[in-house]
Each structure stands twice: as C-alpha cells, then as structure tokens.
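Quick note on labels: first sequence line is chain A, next is B, and so on, each numbered from 1. This one's a predicted model, so the numbers in the text were calculated from it and none came from an experiment.
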Amino acid sequence: MIAKVIVDVPAKQTDRAFDYLIPERLIEVIQPGMRVIVPFGPRTIQGFVISIEEESSFDKLREIVEPMDLYPVLNPELLKLGDWLTDKTLSYKISAYQVMLPAALKAKYIKKLKMSKQCQINDLPLDIQDLFINQQEVSWEQAVNEGLLSLLQKEATKGNIEVIYEVKERVKKKKLKHVYPLLNNEELMGIRDALTSQAAKQKVVIEYFIDKNESVELRELLSILNVSSATVKGLVQKGVLVEKDMEVYRDPYLDRIFEKTQALRLTDEQFAAITPVINSIEEEKHNVFLLYGVTGSGKTEVYLQSIQRILEKGKEAIFLIPEISLTPQMVKRFKGRFGNEVAVLHSGLSIGEKYDEWRKIQRKEVKVVVGARSAIFAPFENLGIIIIDEEHETSYKQEENPRYHARDVAIERARFHQCPVILGSATPALETFARAQKGVYIKLTLSKRMNNQSLPTVQIVDMREELREGNRSMFSRKLLEKLQDRLEKKQQTVLFLNKRGHSSFVMCRDCGYVVNCPQCDISLTYHRYNEQMKCHYCGYETHVPTHCPECNSEHIRYFGTGTQKVEEELGKVLPEARVIRMDVDTTSRKGSHERLLNDFQEGKADILLGTQMIAKGLDFPNITLVGVLSADTMLHLPDFRSSEKTFQLLTQVSGRAGRHELEGEVIIQTYTPEHYSIVLAGTQNYDHFYEQEMMIRKPHQYPPFYYISLITVSHENLMKVVSVTEKITHFLQARLSKESIVLGPVASPIPRINNRYRYQCLIKYKREPELGKTLKTVLDQYQQEAVSNGLQVSIDVNPYILM
DNA sequence: AGCACGCCGACT
DNA sequence: GTCGGCGTGCTC
C-alpha cells in the first residue's frame, strides 16, 4: 500500500504529494489525516498522509518510518479544506495544514551525531574521542560550538560517524501518576493483617484503599496520608498496588466556578432576528446571516440561544471573537451557559494548554469552541453553526501565509456542513453590509438597545478651537468638566486613546527632524521605560539622542501621546481620581488583564484609561462617560479603509457608555471635526455612514465595488525591486481582462524594511476567474529566485492592510 | 528548506 | 595538487 504524503518542507519544489510505501505492520494503522515520520533525502521529517492508494508510478519508493498519531489529526473535511485554502491564498499545502492545527503538533527537528556500530572509539581522532567517551550521541550544536564539525564530517565520510535526524513532538501530553489497588477489599484486609508492625505506613495506605477502592493521584495520596513515595513503591512491588500514568488536561479555568446562567427572555426584536436562524438550523440549510445590531442590543443572547438549539440537536458550534475582546467576561458567559461543553482557544494560553483544548474538541468532549481566528479550524465533524462576532474586525485576517480570512473559511466550512453562519456587528465591514444589501447574506437587524436604553449622546469637540482659546492640555474643557462631574457622582469613565498610527516618535522641536530607523523607512517608537527608541519592523534599538543630528539643537524629545503620559496629566488635573491604565505594558502578565477589569468593575477606580483593548466587550453598568482623546489619529493612514476603521472604532467605544440603567455620554475630541466618519460616528448612524462611504469607494474602484489583490516585491537592491515589479505589472496587464485595473509599480507605504526595498502592484478587478492561476505563475517564476538572489514576492488576495 | 554534487579560484 | 567557495538540482 502507498501513502501520499505532504512533507514538512515549505518550498515550491516540494509543494506536492510524495509517495511512500506503508510497511506491512502499519497497513491497518496508517490513515489519511495522520502525521507520519518519513525519510526525505538524507533527513527524516514530518509529513501528512493525504490519501492511501494501491500503487504508485514511482519505482524507488521508501517506507514510512512510523505514524506520529494514534488517530488522524485532520479529518476528511479539513484535508479538503486545506486544498481550498491553498488555492485561495496561494500558499503551500503544508502551511495550510499546519495553520489548521495547534502549534504543539508542529514537528521539532533534532540533528545529532553518533558513532557507527562498527566503529571503535580508538578509531576516531583524539580530538573527537572526548566527545564520545561518556555519551552515545552528540548534538549538532555542540559539535558546531566546539569547532569540531569539519573533523566529524571527515569521519562521517569514512563511515565512523553517522548523522541522525530525529523528529520530536513539541509538547508532551501532561501525565500524572495514579495508583490503584489490584486486589479487592477482602484481599486487602488480608494483606493488612499480615503486615508486621514495622510497616505501619503501608498499613495506612492499605486502609485508605479499603475505604476507597479506586484510582487516586499519587501526589494526592502522599499528601493526604502523609506517607512517602517509598511506602507506595513497596506495595507496588508486593503486587498490591499498581502505578499508571493518567493523561490529564492542562485546564486554564480549572479552579474557577462559573455561575450557571439561564436563557434570557428575548425582546421582540431579538426574537424576530433569531427566528430565521432557528429555521435555517431546523432545515439544515446553509445561510449566511448578518446580525446587524447596535451596541448593547443583545447580540450575544441571540448567539447563545442559537448555540443552545444546536446543542439540543446534538451538533457542534464555533464561536469566533476577536482576540482583544476574548475577555474573561465573555468566557464567563459561555461557560456559565454551557458549562464544560465549552473549549476556549486564545493566544493567552500556553502551547500545551492550547493543545489540550484542541484535543477536547478532537475527542468530542466539548461541543462549543470559543476562540480567536484560528479556532475556525476546530476539528468538529458535526458542525451546526458558526458565529463570528464583531465580524468587521481586521484581526480575522491572518497577515502571514496562509493569508486567510476567518470569515471566508467559516462560509466554506458551513457550506460543507450545510449549516448557518452568523456574522454579527454594530458596524459591519462594508463588504459584508453590501452583500447583505444585495441579498447574498440575510440581514437581521437589532435597532434598539436592551431595556430600551437610548444610545449615548455624543458630543464632538474641536481641539483646534481649544488650542486657539489657549487650552494646550490634552483634555478639552468640556471633557474635564464631565470628568469632574462623574467623579462627584461616583460614576465611572472610560478614556480611550487611539494609539495606532500615533505611536510616540522622537522629533527635534527646532528643525522638525524625526528619528527614523536606519534600515526601515519608518520613524522609531519611543519607549519610556528604558529611554530607548525601537523600530517596530526590524527590532533596531537605540538611545534617544541628546542633540539633534541635523541642527545640533538640544530640543529633541519624544512626541505623541502614550497612555503613560495621559495618566500623568490626569494626575495633575484630577489628583483625586483613581485611574486604571490598560495597555500592552500593564496587561502583559498573565491574568493582569482580568484583574484590572475586575478592579474597575468593583469600583476600585473612577477612570479606565486604555487603548484598543478597552474598545470592545466592556459591559459595566456604572460607566456613564466615554472620552475619546484623539479621534483622528488613524484617519491619516495610507489606507482606503481608514475612514471605515475610524467610524467603527468610535462607534464601538461610544457603545461602552450607558448600557444599563444610567444614561451614557460620549465626548470625542478631534482636530478634524468636519470629517464625515467623525461627524457620523457622532450620530452613530451606520446606515448613513455606509452610504457616504460607498459613494467614495465607487469612483475610486475600491471594495466592495472591486476586489483587490496586492503583490509586494522586496529586495536589497532598489533597481532590482523596481524592475521586477515592473515586469510583474506588465505581465498582469497583458494577462488580465480589460475591465481589471493593474496599478504599479509603486513604493509600498513602508518603502523599506530591514534594508530591503519594497515595491508593490495592486490589482483591482470585478471578475477574473483565472486570476489565481495567473498569480501562481508569477509566484512560480519569482519564488525560485528567492533562494538564489534574495528576491521576495508575496501575494495577498483580498488584503486588509495595504502595507 | 536542507543537502549533495560539481565546477572554478587561492592556498599548503 | 587540494581545500573550499556557492550555483544547481533533488528529495517518494
């Protein structure tokens, strides 16, 4: 029997199945979807069996060494999905399979040197003999470090030394030692009575098991009975007890009790929204729904009850949520409703923890997965629904290969399972809303907040005006006044600082010189804790200069506003306010995110100050004021979606206020109060924004009117980059239809990263069925060059970031 | 991706 | 004459 195997070598030439002989003893064992260890050239590597066949056209077949799994890690659906993913994202098969699995299943390779069997230690040169005196094998690294590599290689050609390649699992299954008695109570009593008085401790252990004749964790037993492991070992030797390793899960939520919650009564609107979903579930029909509901309109309850119905039908559900809003609050809602039917997958978990959550899914021990982007690949086999909350979030798009969008994968999987998809948002992506308008998706609307609470009132403050009237602080008078008011009323405020596109850079106040990265054409970001400036792209780090390198002025310092700075300023203007700051610095430690939010919820602070991460999901009754310190920082990014992103963010943040009994107020500070995305965020009118934005996208031929694909070329040599990009552009212009637009070559918005120049070519098209093939030819042509001369070509179909 | 094979310059 | 540079091509 032959296994077709995709090997773990992400390269153009190896991006196809290789045939392997299945040895006799493994014929019943090896199945499609399993990971196997195979010889590949001189190495041994990991591979995925994609199918099993009778024969092969290749005549020098080698054998599979061994399987790495007891059961397939990829089911037939996921194997097929891998093909689809490869096709859509122009990525390698192996990368597609790897992205669908937890990182723990990615192989680790070890290279070692070993003395051959026929070789005696005296046959080796003296320098090497030391190495093998006390050990059989020497790691490759050690050989390199001790500079013995060339000597060893010489011996290897003589046949005295062998090079071994080993495939290792990245993560071990966590195991705990358990013990249990082999005998029944009567026999145990017999043994007990036969024990001499010296064996008092053994007696204690036996009595424990007489009382409780079942398996117990060794460590626990030792601590309960206060005996040593030697005691237990003695009994094991006598054949009274047995030890065995029991596999356990690393459960990040182990000691937590989740209060059981019941389904809430739906409002009329919620009921109207859920009905078509339920119908779709009952009819096992594939539909895509857009659940378009204003902030605080109770979308989550609709999700929960849809999932409830899926569980009643014995099916499974995937619930996606952006990493940033995968808060403990959210987890609590799911675990509270569905108990241990829920697995949670997010980046805060260790590799081992993720692996364990994944195995719970694989073994059908859970029915619901709550997770960020990659949870879309949860290995369910009987999927009943996929829900994507905050579907407009850009984090659903993976920015490395394979560059997939979770929304597309969701729809593909749902099509396979003939089940519904719910895309939920108060501010849908323009593409999504357009499809809903066209009837491709079914639009379900929640226009009212729960408890009939009105949306918060929004005021836009012109910061230029403030400046003109002599207020140079970062708080407008209006915001300050409201802040004071909330302090007096003992109500809470959320202050939002949009840092994206506004990181603190170092600038000379005399000549305007900005410190840039010497290798990448972007400004360095100032980090206060070590007084250093760092490049976001290549990691270059340097001290803040004391004098301007251009004009030698001493007035060189950092600009821009960080959360720390705001916190300081707050301390000056409102010294009595208690502030909790949430940003990457204060939430990097595990669990600190949760702790800070808990503190805020419990009223231990008056003001919650933070970045993106507080824009979503916060749902605390006492928040009545939201302040946005600078609304327009991301408006000037070189991205056609910047207005959309600004509107979405402002609307999301505003939605944090007044979600319960108390009414909410929002203050948005801006330097461009006339910009439509800010004006309309003020009225919180998405429909209006949609129309306005569509009117702008249309003449510029941007999505949703056109699809786009982006090709980025990079190389150390600027001329090379330009000429290759030019060639690609011409090639595409010749190949694509007249209706399509090929733009370029142009310098990328980040024209240089790590000393590599970057040029790009943007394709806009409405219908281009052969585009995938054409782009693949471009990749085939130039990816070969990558090895020989360092040219890199990357293609992003439907990019979210044009950089 | 690794690695071997193979063909040309600068050294014992 | 050989050691070693990296261009080329293969891995079931």
Side-chain angles (χ1 to χ4, degrees), chain A residues 1-24 26-27 30-68 79 86 90-99 103 105-114 125 127 139-141 143-144 147-159 161-168 170 400-402 715-717 720 779-794:
Chain A
M1 294 293 267
I2 307 298
K4 295 222 168 261
V5 175
I6 300 290
V7 292
D8 182 14
V9 182
K12 188 210 149 200
Q13 289 161 299
T14 50
D15 188 30
R16 62 187 171 90
F18 285 80
D19 293 357
Y20 285 89
L21 216 56
I22 306 178
E24 203 63 40
L26 295 177
I27 282 187
I30 304 277
Q31 289 166 48
M34 274 187 181
R35 295 175 304 150
V36 287
I37 296 175
V38 291
F40 197 65
R43 300 180 284 163
T44 337
I45 57 170
Q46 192 193 61
F48 288 89
V49 177
I50 52 164
S51 66
I52 291 173
E53 265 148 51
E54 296 284 325
E55 48 198 88
S56 164
S57 55
F58 196 83
D59 55 3
K60 284 182 295 227
L61 291 171
R62 294 171 80 180
E63 281 193 347
I64 287 180
V65 179
E66 58 173 329
M68 292 180 80
L79 277 172
T86 305
L90 308 171
S91 60
Y92 300 126
K93 288 239 147 56
I94 189 70
S95 319
Y97 290 141
Q98 269 164 358
V99 83
L105 294 183
K106 212 174 151 186
K108 221 168 62 180
Y109 298 105
I110 301 170
K111 203 171 155 186
K112 294 194 276 198
L113 296 156
K114 196 180 137 190
D127 290 354
S139 78
W140 187 265
E141 285 75 39
V144 173
L148 297 170
L149 209 55
S150 54
L151 264 176
L152 285 161
Q153 264 163 346
K154 216 176 277 171
E155 291 305 307
T157 46
K158 277 196 242 165
I161 297 286
E162 281 176 72
V163 185
I164 347 182
Y165 302 88
E166 236 176 85
V167 184
K168 273 262 161 77
R170 195 162 279 244
E400 307 105 57
N401 265 324
H715 192 268
E716 284 176 12
N717 183 329
K720 177 93 188 160
L779 274 184
D780 287 351
Q781 183 81 55
Y782 292 100
Q783 257 173 5
Q784 265 162 319
E785 279 195 49
V787 219
S788 51
N789 62 21
L791 186 84
Q792 269 177 36
V793 178
S794 78

A.B. asks: The criterion is ring-ring contact (aromatic ring centres under 6.0 Å, His included); which residues satisfy it with A/F40, sequence neighbours excluded?
C.D. replies: A/F18
A.B. asks: How would you list, by chain and number, every residue that makes a salt bridge (charged side-chain N to carboxylate O under 4.0 Å, His left out) with A/K60, sequence neighbours excluded?
C.D. replies: none
A.B. asks: List the residues meeting side chain to side chain donor-acceptor pair (under 3.5 Å) with A/Y92, not counting sequence neighbours, and say none if there are none.
C.D. replies: A/Q783
A.B. asks: In whole angstrom, what separates A/K12's NZ from C/dG9's P?
C.D. replies: 12 Å
A.B. asks: Test of understanding: with side chain to side chain donor-acceptor pair (under 3.5 Å), list the residues that count as partners of A/S51, not counting sequence neighbours.
C.D. replies: A/E53
A.B. asks: Please identify each residue that fulfils side chain to side chain donor-acceptor pair (under 3.5 Å) with A/Q98, with sequence neighbours left out.
C.D. replies: A/D8
A.B. asks: Rounded to the nearest 0.5 Å, how far does NZ of A/K168 lie from CD of A/Q46?
C.D. replies: 14.0 Å
A.B. asks: Holding to ring-ring contact (aromatic ring centres under 6.0 Å, His included), I want the full list of residues that pass it with A/Y97, two or more places apart in sequence or in another chain.
C.D. replies: A/F48
A.B. asks: Run the salt bridge (charged side-chain N to carboxylate O under 4.0 Å, His left out) test against A/E716 and tell me which residues pass, sequence neighbours left out.
C.D. replies: none
A.B. asks: Polar atoms only, N or O, under 3.5 Å: list the protein pairs with nucleotides 2-6 of chain B and their distances.
C.D. replies:
{"residue": "B/dG2", "atom": "OP1", "partner": "A/R43", "partner atom": "NH1", "Å": "3.2"}
{"residue": "B/dC3", "atom": "OP1", "partner": "A/K111", "partner atom": "NZ", "Å": "3.1"}
{"residue": "B/dC3", "atom": "OP1", "partner": "A/Y165", "partner atom": "OH", "Å": "3.1"}
{"residue": "B/dC3", "atom": "OP2", "partner": "A/K111", "partner atom": "NZ", "Å": "3.1"}

A.B. asks: Base, sugar-phosphate or nothing for A/F58? Non-hydrogen atoms, less than 4.0 Å.
C.D. replies: base
A.B. asks: Identify, residue by residue, the members of residues 48-56 of chain A with a heavy atom below 4.0 Å from DNA chain C, and return them in order of residue number, or none.
C.D. replies: none
A.B. asks: Find the distance between CE (A/M68) and CD1 (A/I37) and round it off to the nearest 0.5 Å.
C.D. replies: 4.5 Å
A.B. asks: Is a donor on one side and an acceptor on the other found under 3.5 Å between the side chain of A/R43 and the backbone of A/K111?
C.D. replies: no
A.B. asks: Could you check A/S56 against A/I2 for side-chain contact (heavy atoms from CB on, under 4.5 Å), going step by step and ending with a plain yes or no?
C.D. replies: CA-CA 7 Å; A/S56 164; A/I2 307 298; 4.0 Å; yes
A.B. asks: Using the test side chain to side chain donor-acceptor pair (under 3.5 Å), find all partners of A/K4 that sit at least two apart in sequence or belong to another chain.
C.D. replies: A/D19
A.B. asks: At a cut-off of 3.5 Å, list every protein nitrogen or oxygen paired with a nitrogen or oxygen from nucleotides 2-7 of chain C, distance to 0.1 Å.
C.D. replies:
none

A.B. asks: What distance do A/T14 atom OG1 and A/I94 atom CD1 have between them, rounded to the nearest 0.5 Å?
C.D. replies: 9.0 Å
A.B. asks: To the nearest Å, how far apart are A/I45 CD1 and C/dC10 P?
C.D. replies: 17 Å
A.B. asks: Residues of residues 60-68 of chain A with any non-hydrogen atom less than 4.0 angstrom from an atom of DNA chain C: list those, numerically ordered, please.
C.D. replies: A/K60, A/L61, A/R62
A.B. asks: Quickly work out the A/I94 CD1 to C/dT11 P distance and round it to whole Å.
C.D. replies: 18 Å
